[in-house]
Amino acid sequence: MPQLLDKTINILDIKYIRGPNMWCWVEVLEALVDIGELEEYPSDKIPGFYERLVSKLPSLVEHRCSYEERGGFLKRVEEGTWPVHIMEHLTLELQGLAGFAGGFGRARESTTSGIYKLIVATPHEEVTKQAIYYARDLLLALIQDRPYDVDANIEHLKEMIDDLCLGPSTACIVNGAKEKLIPFIRLSNGNLVQLGYGARQKRIWTAETNQTSAIAETISRDKNLTKSLLASVGVPIPYGELVKDVEHAWQVAQEIGFPVVVKPQDGNHGRGVFTNLRTKEEIYAAYEVARHEGSGVLVEKFIQGDEHRLLVVGDHLVAAAKGEECKVIGDGKHTVLELIELQINSDPRRGPTEDYPLNQVRIDSIAELELKSQGYVSDSIVALGKSVLIQRNGNVAFDVTDIVHPSVAKKVVLAAKVVGLDIAGVDLVAMDISKPLEEQEAAIVEVNAGPGLLMHIKPAKGNAQPVGQAIIKHLFPMQQSGRIPIIGVCGSKDSTLVSQICAYFLKLNNFYVALSTQQGLSFNQRPVEKNGSSEWERGRRTLLNPLVEAAVIETTAKGVLMEGVPYDLCAVGVVTGIDKTILFPDQSIVEEKQLFSLYRTQVDVVIPEADGVAVLNADDALVVEMADISPAEVMFYSPDPSNAALTDLANKGGRSITLSDHKIILRQGFHLAYSFSIDESHFLNQDQKLAHVSPMLAAVGAAWAVGLPYEIIETGIATFLPEEAIA
């Protein structure tokens, strides 16, 4: 297509919106895309485009698009749609094929012809940014009928996900938090995550928590000390000793009786662990490896049976996995190494990353010793039908949770308790996990801190176990949400003042209060920042502080546009008003309905249903419209008791705040719930025009919504002064 070969698509800018926003409730990238002359070429005007698109990415048939049916997007392409809409779906599909299933996307016109906004939900800024560029390149290749390597793009995105995103163990815990509407904040580029806000936060680092004792973790690394503690409470362990040198290792092995195990005293992840050793040569070789993996070497009795990993969370056994030996069967043609690749590593369940339930098998020092004991080396050709053992452990990924004997469960919970771990991976060797340990001379061989969870969430065989949910239940028992009271305030007038009054009320109730406004940030009326960081960053700092028991966070329309809201949900959302004359043409916000979509974000992030309240200015028609889209209870405020919106709400039994006879009136339906005189309020009485009444009503409504006692609200009305307000 010669006329299209010189056409291009330029990505002018990509903005990372880090919190809930006017587009959706999660982080998004908003790209400004210039399609130039391609504005004249919708998809139905490009010969062969539809066929090339379907051939290159047939999985796009699952995209429903505006038709809300399977194949809906492809139908739009066939009928004719514009390049940025196609870029949206290509970006989502590339992310999905790389491991990010689902996702939100939109394509919207800007105020300039040929320039569009592309909005895509992002699990990680860098991954989605790269996906957008790949989508642009792929789209141009399809338009111009050029070859393009989609598979290479997907592989690169997978590598980025593996490098940049949460690991599977941490991610499964975070997903468990999401199910319970418990908020989370990633604190580092690694797997350190905060669950909950402020004073109710917990922290995890993979499968360790802020409740994991450093003493217990140290004990678990010392295998000999762990064994002695287990033995003291009657938990069966293999007999063994800490040895001084290689000769001592051989001596202890003879005393114990063969076969034996040689392993590091404080190793982990199975490194340097040699099992089923029977000869002096094997023990000498194992000792030399094990001593480099830890500070000492243990020699133990070898326990017959399969290796098991049992996961203990708090007082409960929540998952169990069994290991299986790795063997190859000779064909008289291939070497041991070749057979490993053909018969073991070819299993699609095996791979180099944590996404695979089974590791690829390599010939290490342990495998070399195992082969040698059978008379083989790695390049030996194995006779037809001959079985060769390659690996005894390292394949603990076969779920057996449902068959664990109750007495075994009690023993492993006790083992975790005696070491002191709140989350533990207990290694146990037994012939049959469905029978008591005493009946089969089974034993617990290790208790580990920070256990991997992949074997339980993605087993090679059997049912996945809800270990993330179990850890969340342990950290947040009794339906705890990890949330502190957050009052979010947004509006084009008085929002800073409303925020200050709300913070003052909360402080009177003896909360440690964080206040973030356009004027700065304060903790418990102590200013810590006037200007410097962005609005989003100030708001986020209130949630990271472990002393904060309640927060008031003001967000501006500009802040929502550029970075989003700094929290996921709030207990109370206040909207003070919308000035229709304050538009944002540089961001293509030029219409009243766009302003509505922008400011409604404050209502969208209120905790849904009975737990949240939207406090809305009944004197602003656009704000009143937000009542219809509120996910939670709506409370109106107005100085005018005859306001029609207040009357309509009263007819529905709703709550309202108004002014009458120098009293602030709280009503539930038409019933008087409480009243506060404003005669003692110097702040209100010094204002001859009563311009401050409306902000005070909004703050009183927020305080009522968050459940402050009437006496506290009354004191706050009487004593609040602007000079005492911080931030």
Side-chain angles (χ1 to χ4, degrees), residues 487-495 497-499 501-502 505 570-580 592 595-596 599-600 602-604 606-679 681 683-685 687 689-710 713-714 716-717 720:
I487 298 175
V489 184
C490 187
S492 55
K493 62 178 182 179
D494 298 325
S495 56
L497 178 58
V498 171
S499 301
I501 302 173
C502 287
F505 287 168
C570 60
V572 180
V574 182
V575 183
T576 63
I578 300 174
D579 188 335
K580 299 175 187 178
E592 185 177 296
L595 279 179
F596 179 86
Y599 281 98
R600 67 166 281 179
Q602 183 63 79
V603 174
D604 290 334
V606 175
I607 295 174
E609 299 176 357
D611 294 325
V613 181
V615 179
L616 306 179
N617 183 355
D619 295 321
D620 188 307
L622 271 185
V623 176
V624 170
E625 285 183 33
M626 294 180 187
D628 294 333
I629 52 92
S630 173
E633 177 192 353
V634 170
M635 186 186 293
F636 280 135
Y637 69 90
S638 170
D640 179 8
S642 64
N643 180 286
L646 266 62
T647 303
D648 289 344
L649 188 65
N651 285 323
K652 300 173 185 176
R655 292 191 282 177
S656 62
I657 310 96
T658 189
L659 185 71
S660 180
D661 297 327
H662 277 249
K663 291 181 180 180
I664 294 175
I665 307 297
L666 308 187
R667 284 200 174 94
Q668 179 84 55
F670 290 104
H671 171 70
L672 175 66
Y674 209 84
S675 66
F676 308 103
S677 171
I678 64 171
D679 290 337
S681 172
F683 173 62
L684 294 180
N685 287 327
D687 176 17
K689 296 182 179 180
L690 295 179
H692 292 151
V693 167
S694 190
M696 180 61 77
L697 296 179
V700 169
W704 189 20
V706 88
L708 293 187
Y710 293 135
I713 300 174
E714 190 164 35
I717 294 169
F720 174 78

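All figures in this text were calculated on a predicted structure; none of them were measured in a lab.
- Side chains of T647 and L649 form no contact here, defined as non-hydrogen atoms less than 4.5 Å apart.
- Among residues two or more places apart in sequence or in another chain, the side-chain contact (heavy atoms from CB on, under 4.5 Å) test is passed with C570 by I486, Y567, Q602, V605, V606.
- A650 pairs by the side-chain contact (heavy atoms from CB on, under 4.5 Å) definition with F670, not counting sequence neighbours.
- Counting heavy atoms from C-beta on, the side chains of K493 and D579 never come closer than 4.5 Å.
- In terms of the side-chain hydrogen bond (donor to acceptor under 3.5 Å, both in side chains) criterion, D648 has no residue partners (sequence neighbours excluded).
- Among all heavy-atom pairs drawn from S675 and I665, the shortest one is CB-CD1, 3.7 Å.
- Of all heavy-atom pairs spanning D604 and P631, the tightest one is O-CG, 4.2 Å.
- Nearest heavy atom pair, residue A703 against residue F505, reads CB-CD1, 3.6 Å.
- Side-chain contact between F720 and S681: absent, with no pair of heavy atoms (C-beta onward) separated by less than 4.5 Å.
- Residues passing the salt bridge (Lys or Arg N to Asp or Glu O under 4.0 Å) test with K663, sequence neighbours excluded: none.
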Kindly list each side-chain donor-acceptor pair under 3.5 angstrom involving residues 652-662, sequence neighbours excluded, with atom names and distances?
{"from": "R655", "atom 1": "NE", "to": "E633", "atom 2": "OE2", "distance (Å)": "2.8"}
{"from": "R655", "atom 1": "NH2", "to": "E633", "atom 2": "OE1", "distance (Å)": "3.0"}
{"from": "R655", "atom 1": "NH2", "to": "E633", "atom 2": "OE2", "distance (Å)": "3.4"}
{"from": "T658", "atom 1": "OG1", "to": "S638", "atom 2": "O", "distance (Å)": "2.7"}
{"from": "H662", "atom 1": "ND1", "to": "D679", "atom 2": "OD1", "distance (Å)": "3.3"}

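- In this structure, D620 has no salt bridge (Lys or Arg N to Asp or Glu O under 4.0 Å) partners at least two apart in sequence or on a different chain.
- Under the rule for a salt bridge (Lys or Arg N to Asp or Glu O under 4.0 Å), E625 has no partner lying at least two apart in sequence or in another chain.
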N/O donor to acceptor pairs below 3.5 angstrom from side-chain atoms of residues 607-618, sequence neighbours left out:
{"from": "N617", "atom 1": "OD1", "to": "D619", "atom 2": "N", "distance (Å)": "2.9"}
{"from": "N617", "atom 1": "ND2", "to": "T576", "atom 2": "O", "distance (Å)": "2.8"}

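- Listed by chain and number, the residues in a side-chain contact (heavy atoms from CB on, under 4.5 Å) with A673 are L666, W704, Y710 (sequence neighbours excluded).
- Partners of V624 according to the side-chain contact (heavy atoms from CB on, under 4.5 Å) rule, which considers only residues two or more places apart in sequence or in another chain, are F636, A645.
- Residues meeting the ring-ring contact (aromatic ring centres under 6.0 Å, His included) test with F676, sequence neighbours left out: Y674.
- Atom NE2 of H692 and atom CG of L497 lie 6.0 Å apart (nearest 0.5 Å).
- Atoms CD1 and NZ, on I578 and K580 in that order, are 8.5 Å from each other to the nearest 0.5 Å.
- Contact between C490 and Y599 at its shortest, heavy atoms only, is SG-CD2, 3.8 Å.
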